[in-house]
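Scroll down for the structure; my scribbles are underneath it.
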Protein chains: 2
Amino acid sequence: MPRPAKHHPERGDARTRLLEAARDVIRAKGFAATSVDDLCKAAGVSKGAFFHHFETKEALGVAAAAYWAETTSAFFANAPYHRLDDPLDRLFGYVEFRKTIIDGDPAEFTCLVGTMTQEVYGSHPAIRDACAASIFGHAATLEPDIAAAMAARGIEADWTPASLARHTQAVLQGAFILAKATGGREDALDSVDHLKRYLTLLFSQPRSKGNTHDGR
Amino acid sequence: MPRPAKHHPERGDARTRLLEAARDVIRAKGFAATSVDDLCKAAGVSKGAFFHHFETKEALGVAAAAYWAETTSAFFANAPYHRLDDPLDRLFGYVEFRKTIIDGDPAEFTCLVGTMTQEVYGSHPAIRDACAASIFGHAATLEPDIAAAMAARGIEADWTPASLARHTQAVLQGAFILAKATGGREDALDSVDHLKRYLTLLFSQPRSKGNTHDGR
DNA sequence: ACGGATATACCAACCGACCGGTATGTTTCA
DNA sequence: TGAAACATACCGGTCGGTTGGTATATCCGT
């Protein structure tokens, strides 16, 4: 039985399909509850193919986290808010963009690496590290705008751009948990609104000199 | 449903030991990765005892969430910050108290029901509901102090005490994820500090409606 | 240009261990 | 003595992972 093969491209077809299946199924069921057979069925691939591309299930977890980091960073890099001139506007644009993503089922808008981190941080350090790299790498992309916004407004703070960037991720991850708990999006959106309000207050609260500017 | 009387209360009965084992093991390994045998071994009881007290593993998950709600609510109810006179002081006392708890290994200070929610929200609705009841029940205990603090300072806000209370839980849950990702507590503590700063800014806002933040 | 060696990409069948759960007791105590 | 509180042995199914194989693509000496 000759099967259609197309294997010169660097990344095989089955591998990508497995990674996409992992992204979807693990977000819905969690890493531990997702069996290799689940993944193979979702990807339309045999078990032999799975272990051809990934040494172990753990290795797939690591690759899935890396794939997530790749695809999401491209996704955010192409988002429209980057075209805004003011750094602070871009920061608010990011948060607003995150809000627009929160739609549909939690399995569709929540964070793969956040979910996996919480589940496997103790038992699969390799996956945990790959997830951490994704989370903190994404947070780091916010730092330049935060730093520029602070500089533009002469803000002297007892917090760093890095800590605020990571805090935004904490709020988002926590919002996802609330959304999963209720099954709805409202509490998550409310929490992101609180984050927006925090940013508004932070950047309209001159610590050093009285600078009067528009609140937004 | 009601607890049977203890016949021979030496060292606590098997049911409680299983619940405590569930609290510890599930926080470290997650619900799905924790087997019934794991729980029995950790609790020092036989498998027969497990299924004598819990119909299924899912039923144990529900009971573990309820046990968590019970024990944590007693824990917070006895915390010293409740003795403060001012409602806002009690709110900050709560947050500060949460900070002091963040110590040791993540498995020791993170939230059982937050972890379980994220993992089983899709596959075990009964557990998810029990976890949600614990999370939102705990958040609700903060509402009276928030409302009183708002009233005392004449704050008219576009947010409700309930939404702020839930936001505090979102930040804490998100902070736990950061802690699990890094293995350390610093990012978690930083995030809670941002929450404290947010509360400070919120409650030092001008009390009249003439403030300029549009928050959108 | 061509055949063979080699490597890649995949598949179906299979394996031992372990999973959640059960059947059948034995002990403990009101 | 009866029921609740445990314990032991076991079951069918599923788990992550292995085995042995096939079809195709690429390289290379001739």
Side-chain angles (χ1 to χ4, degrees), chain A residues 1-22 25-26 28-64 67 116 119-120 123-127, chain B residues 1-22 25-26 28-64 67 116 119-120 123-127:
Chain A
M1 223 36 179
R3 48 174 317 288
K6 183 142 184 70
H7 94 90
H8 195 253
E10 279 291 317
R11 288 310 198 198
D13 191 38
R15 189 189 141 95
T16 303
R17 301 235 304 275
L18 281 166
L19 256 13
E20 287 166 354
V25 180
I26 294 175
K29 308 207 314 177
F31 179 79
T34 298
S35 72
V36 173
D37 285 326
D38 286 340
L39 262 7
C40 292
K41 196 155 66 173
V45 147
S46 74
K47 214 164 178 177
F50 182 99
F51 285 100
H52 170 72
H53 289 289
F54 308 102
E55 270 198 13
T56 62
K57 187 190 172 189
E58 182 181 47
L60 167 108
V62 173
Y67 183 70
M116 282 207 294
E119 202 181 337
V120 306
S123 20
H124 295 286
I127 300 180
Chain B
M1 181 198 309
R3 288 292 322 287
K6 31 176 78 170
H7 292 234
H8 194 189
E10 81 179 57
R11 242 4 198 161
D13 57 334
R15 189 189 141 95
T16 302
R17 300 226 305 278
L18 281 166
L19 257 12
E20 286 165 354
V25 180
I26 293 176
K29 308 208 313 179
F31 178 79
T34 299
S35 72
V36 174
D37 284 326
D38 286 340
L39 262 7
C40 293
K41 195 152 62 176
V45 305
S46 72
K47 215 166 179 177
F50 183 99
F51 286 101
H52 172 74
H53 288 288
F54 307 101
E55 270 198 11
T56 62
K57 186 191 173 188
E58 183 181 45
L60 168 109
V62 173
Y67 183 70
M116 283 207 294
E119 201 180 339
V120 307
S123 20
H124 295 285
I127 300 180

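Computed from a prediction, not measured in an experiment: that's the story for all the values here. Order of the sequence lines sets the chain letters (A, B, ...), proteins ahead of strands, with each chain counted from 1.
Side-chain N/O atoms of S35(A) include none lying less than 4.0 angstrom from OP1 or OP2 on dT14(D). Side-chain nitrogen and oxygen atoms of S46(B) include none within less than 4.0 Å of the OP1 or OP2 phosphate oxygen of dT8(D). In this structure, H52(A) does not reach the dC10(C) phosphate: none of its side-chain N or O atoms is under 4.0 Å from OP1 or OP2.
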**Study point:** Evaluation steps, side chain to side chain contact (heavy atoms under 4.5 Å, CB included), between F51(A) and V36(A)
**Key:** CA-CA 9 Å; F51(A) 285 100; V36(A) 173; 3.9 Å; yes
**Study point:** Working for side chain to side chain contact (heavy atoms under 4.5 Å, CB included), residues L60(B) and F50(B)
**Key:** CA-CA 9 Å; L60(B) 168 109; F50(B) 183 99; 3.8 Å; yes
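Judged by distance alone, with hydrogens and angles left aside, the side-chain atoms of R17(A) form a donor-acceptor pair with the main-chain N or O of G44(A) at under 3.5 Å. A donor-acceptor pair is defined here as one N or O able to donate and one able to accept, closer than 3.5 Å; no such pair exists between the side chain of E58(B) and the backbone of H124(B).
Atom NZ in K47(B) sits about 17 Å away from atom C1' in dG25(C), given to the nearest Å. The interatomic distance linking F50(A) (CZ) with dT18(D) (C1') rounds to 14 Å, in whole Å. The nearest whole Å value for the distance from the NZ atom in K41(A) to the P atom in dA12(C) is 15 Å. Remark: C1' of dC14(C) and CZ of F51(A) are 13 Å apart, rounded to the nearest angstrom. The CZ atom of R15(B) sits 15 Å away from the P atom of dA4(D) (whole-angstrom rounding). We find that CG of D37(A) is positioned 12 Å from P of dG17(D), with the value rounded to whole Å. At whole-Å resolution of the value, CD in E58(A) and C1' in dG17(D) are 14 Å apart. The distance between atom CD of E55(B) and atom P of dA23(C), rounded to the nearest whole Å, is 13 Å.
For V36(A), whose side chain is taken as the heavy atoms from C-beta onward, the closest listed nucleotide among dC10(C), dC6(D), dG16(D) is dG16(D). Checking dG17(D), dC6(D), dC10(C) against the side-chain heavy atoms of D13(A) singles out dC10(C) as nearest.
Within the cation-pi definition used here (under 6.0 Å to the ring centroid, within 45° of the axis), K57(A) qualifies as a partner of F31(A).
Evaluation of atom-type donor-acceptor distances gives no pair under 3.5 Å for the side chain of K57(B) against the base of dG21(C).
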